[in-house]
Amino acid sequence: MADYSKDEIKRIEDKWRKEWKTRGVYKVENHSTKPKYYVLDMFPYPSGAGLHVGHPLGYIASDIVSRYKRLKGFHVLHPMGFDAFGLPAEQYAIQTGQHPAVTTEKNIATYIEQLNKIGFSFDWDRKVETSDPSYYKWTQWIFMQLFNAWYTKKPVGKTEPITTLIAELEKNGNKNIDAVCEDDTPTITAADWKSFDEKAKEEFLQKYRIAYRSDTMVNWCPALGTVLSNDEVKDGVSERGGYPVERKKMWQWSMRITAYAERLLKGLDTIDWPEPVKEMQRNWIGKSVGCELDFKVDKQEGIIRVFTTRIDTIYGVTFMVLAPEHELVSKITTAEQKAEVENYITIAKNRSERERMSEVKRISGAFTGAYVTNPFNGAKIPVWIADYVLAGYGTGAVMAVPSSDTRDYAFAKHFNLPIIDVLEGPTSDITKDNFDPKSGKMINSDSLNGLDWKEAIEVALQKVEALGIGIRKVNFRMRDAIFGRQRYWGEPFPVYYENGIPKLVDIKDLPVTLPEVDAYKPTESGEPPLARAKGWDYKGNQFEQTTMPGWAGSSWYWFRYMDSKNETEFASKEAVSYWKDVDLYIGGSEHATGHLLYSRFWCKALKDLGYVDSEEPFKKLINQGHIQGVSKFIYRLTKSNTLVSKNLFIDILKNPDKPENKEILGEATYSVQDKTVFDYDGKVLFNQLNVDINLVDNNDVLDIEEFKKWRPIFKDSKFILEDGKYICGSEIEKMSKSKYNVVNPDEIVDNYGADTLRVYEMFLGPLEMSKPWNTSGIDGVFKFLRRFWNLFHDQNGNGAVTDAEPTREELKVLHKTLKKIEYDIEHFSFNTSVSEFMICCNELSSLKCNKKAILEPLTIALSSFAPHITEELWQLLGHKDSILNSSYPKWSEEYLTESSFEYPISINGKVRAKMNFALDMPKEDVEKLVLASEVVQKWSEGKAPKKVIVVQGRIVNVVL
RNA sequence: GCCCGGGUGGUGGAAUUGGUAGACACGCAGGACUUAAAAUCCUGUGAUCGCAAGGUUGUACGGGUUCAAGUCCCGUCCUGGGUACCA
């Protein structure tokens, strides 16, 4: 009746979208006798540009797994939602005055509509939006739990309610408490505690709380009027907008993530994540095991404590370096050196982070005039200051061993300080020699001589402890996470201030909703936008005016999906204990050290407090690659509005003196910068401009007529062509509206259907790999689906499936395919599964197979990839129920055994012959050897082989 | 600089983890059907020598291990990503 044409596809896909919705096939309950499987996508930020072809890549993969697991008998949770708080909506609001909630709602509606066109099996009833008060009520609630919590190290590291801390303080003070807290926490008695007034008590508790306020150095961006995280600062300017960023001390809400450092590190060994992501998290946490060691200052009072991981190299210490901000600097500096040191400190202070970053290679420092004594051998060691030592890490002081540390080495060379080798190896220049400080035995090291460096560390450590001059110590690079932003479009804190004391609102007053404001930018006096809210107070007290950072809402959302409509809990106990954790998480690797680390942190805290069951939120993680856009460019000679074809433009840059090029350029001389050519006055001579990719064909030829209509400034442009055509430049970039290189999935769906889009995106290459979008192969995928469709239909488009018994050959094709597909899906190798389907389809076409017994199982297998077409064919096969409620076909080895095997036999590594072995032939190697030697005799005229290699009962090579 | 990936035809990419390299698809060329085009189907397609059978060569480059290397080891080059003085 119909072939797989554009109209028919549209009819089928519309029909099934409607059917699925009315039948509610994607609705999932929180209980089942089946085993559970939770498939999660990293939820998107709903940007104004809408969905592009890059977004669905991961969603298609997760949808395939969801459908596959469901057919395999699992109870599958596969939800979707939106990470709806964020800077772009706020920026747009500042510019237009439009409330961010309005734009966000609109964008979400667009996203949902676009996503639905692709046939995802999301249970939309579980949708979450982080900006919805019914959602952020629980983000605030979690904040309250973390505010009311502290981290004890005894008997095991665990988050505890703050009440247990208060009880202990009342009883014994903090002398028995071993907790993760501020470094400057004093030891107090129960009497001290009782003598504190309310404010002092709260200030003391702040040193312990998981969510706390402290005076921290932040990246302050005056132009945006907000604090930025390190991730949001690139090269000293804000990632968004490129505004300058400065370091500034501020009262900030923070999260004591450092308490969990050890567990965050250990937990990595228990989860199935890509190794690079785990490695990034390990580096980010940056655990280093070493010791702190005291050096006595000569001729005056004072002890300098250093942190080192290489106590074994103690005999190689030839100088010491303090951070310029180190508190002892002013005390120990001698009169002669005072001027120089102070001068250096001033310079170091004024050098911004940006300068320090761009001048990593520059070596600078100053001598304090003071000396310390090496406690191991009594050597006199000069003390320097330099900004390569950071005040914020370790103790802000290092013992420098120029023979085993490249920075110390460079410093020693620059200031002509002595170098003592303490490890075997070539060390004339450790920055150039192939020298590894983590190998070899100790030399020049007194009692440590001859020991391997690792043994030497242990021996030296014992000595340090015996002498009482230091302690073993573990340091982490990771810092506590800043948890406040001076922005409007984020979660308000459930916090108010009474007499300057931060207090939590009553739990029944949640959520604290975002107030209305007259503008979304900071106030003229630099206060956050929420300060503009009129009449916004808590029983007459001021609310906290900052909002939570972007990662707050995304650090627990997978729990909300489990029970998204619950009004009394963030998710019910039953739901949480049924779904537990995410079995498969798909998303980009850019979240490796942000979202994925914070989520693990919150999950651990919630577990300790007894709200959830799992220590790790995401059991398996897959990073999908990104689909990049292909941008097209034109080259415009600005003053004469002339467009020069690509190769001519390149030629002009190369040979500006050619007469014909001179004619185009005129008398101008020029310089090239960032793809723009300037003339001698600094005016733009040539511009490289992005052109809409829809105006350019596959051979980079520009459609000049359409182009002239595109933007008014090109209406009267002149063209300099090559071979009568205008050739555009081409480059691979991120897909972006401003680059006119966005490909919208709707276009593909309209032209080929959602099934073709889904299968094509999978066929494009391995999921993890980034690749540019190009549609050149899409016809192949479309033809495959049509061929598959044709297997079920005769030339007139009528259903033509028979109940005939399949032949052994047909069964072999079926079972071979089912086996491979299953293996591929289990290994997330979707591109090869698509190939397998194509091979199978080709084989069945040439066998002219239209038997139900063969086609039915294949239809089920294909339904994960192409749900619409398979539902339709499923009905054609006589089923009433949705294909989703069938079960995945099993394959059997029985049909895969061959009647004979063709063995290639190589001689000296080259294939020289092929032998057929019948199935019923005895399989003993001896038998094959006889056969092989016959082969060999043919080839080597009777010489017996030296060796016959048999692999898995099969001769693979014969050595003559 | 350091830490992870990656480098295979004209193109996207396969290769059961050491066992016939180039599956599948695109593109290209030729053919069939057609008045013609489109669509569809068939054939060929790494390079090189040859009329052919067939030979030689070939997985960034240079070495090595092995009966056998795209796959393992050492060195070099290029490339994508992460990170930034962490003692």
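The shown structure was predicted, so the numbers you read here are calculated from the model rather than taken from an experiment. In what follows, every heavy atom counts, from backbone to side chain, and hydrogens, waters and symmetry copies are set aside. Lettering of chains follows the sequences in order, A, B, ..., and the numbering in each one begins at 1.
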**OP:** Find the partner of B:rA87: check Watson-Crick (N1-N3 plus N6-O4 or O6-N4) and G-U wobble (N1-O2, O6-N3) distances, both under 3.5 Å, and reply none if neither fits.
**Re:** none
Subject >> OP1 or OP2 of B:rC86 under 4.0 Å from side-chain N/O of A:Lys287 >> reply: no
Subject >> Side chain of A:Phe763 - closest among B:rA14, B:rU83, B:rA25 >> reply: B:rA25
Original post:
Just to confirm, is there a sub-4.0 Å distance from OP1 or OP2 of B:rA39 to any side-chain nitrogen or oxygen of A:Arg786?
Top reply: no
**OP:** Indicate, with a heavy-atom threshold strictly under 4.0 Å, whether A:Arg282 touches base, sugar-phosphate, or nothing.
**Re:** nothing
Original post:
Atom CG of A:Leu791 to atom P of B:rC41: distance rounded to whole Å?
Top reply: 12 Å
**OP:** Mind checking A:Lys820 for me? I need base, sugar-phosphate or nothing, with any heavy atom below 4.0 Å counting as a touch.
**Re:** nothing
Original post:
Strictly under 6.0 Å, is that where the ring centroids of A:Phe788 and A:Phe837 end up?
Top reply: no
Original post:
Which nucleotide in the set B:rA87, B:rA14, B:rC26 lies at the smallest distance from any side-chain heavy atom of A:Ser776?
Top reply: B:rC26
Original post:
Among B:rA87, B:rG82, B:rC24, which is the nearest nucleotide to the side chain of A:Thr308?
Top reply: B:rA87
Original post:
The side chain of A:Asn283 lies closest to which of these nucleotides: B:rC3, B:rC85, B:rC4?
Top reply: B:rC3
Original post:
Between B:rU83, B:rC86, B:rC24, which nucleotide gets closest to the side-chain atoms of A:Leu390?
Top reply: B:rC86
Subject >> Touch class at under 4.0 angstrom, heavy-atom based, for A:Asn831 against every strand present >> reply: sugar-phosphate
Original post:
Phosphate oxygens OP1/OP2 of B:rC86: is one of them under 4.0 Å from a side-chain N or O of A:Arg479?
Top reply: no
**OP:** Could you tell me whether A:Glu893 and A:Lys819 have a side-chain N and a carboxylate O separated by less than 4.0 Å?
**Re:** yes
Original post:
Do the side-chain N or O atoms of A:Tyr393 get closer than 4.0 angstrom to the phosphate oxygens (OP1, OP2) of B:rA87?
Top reply: yes
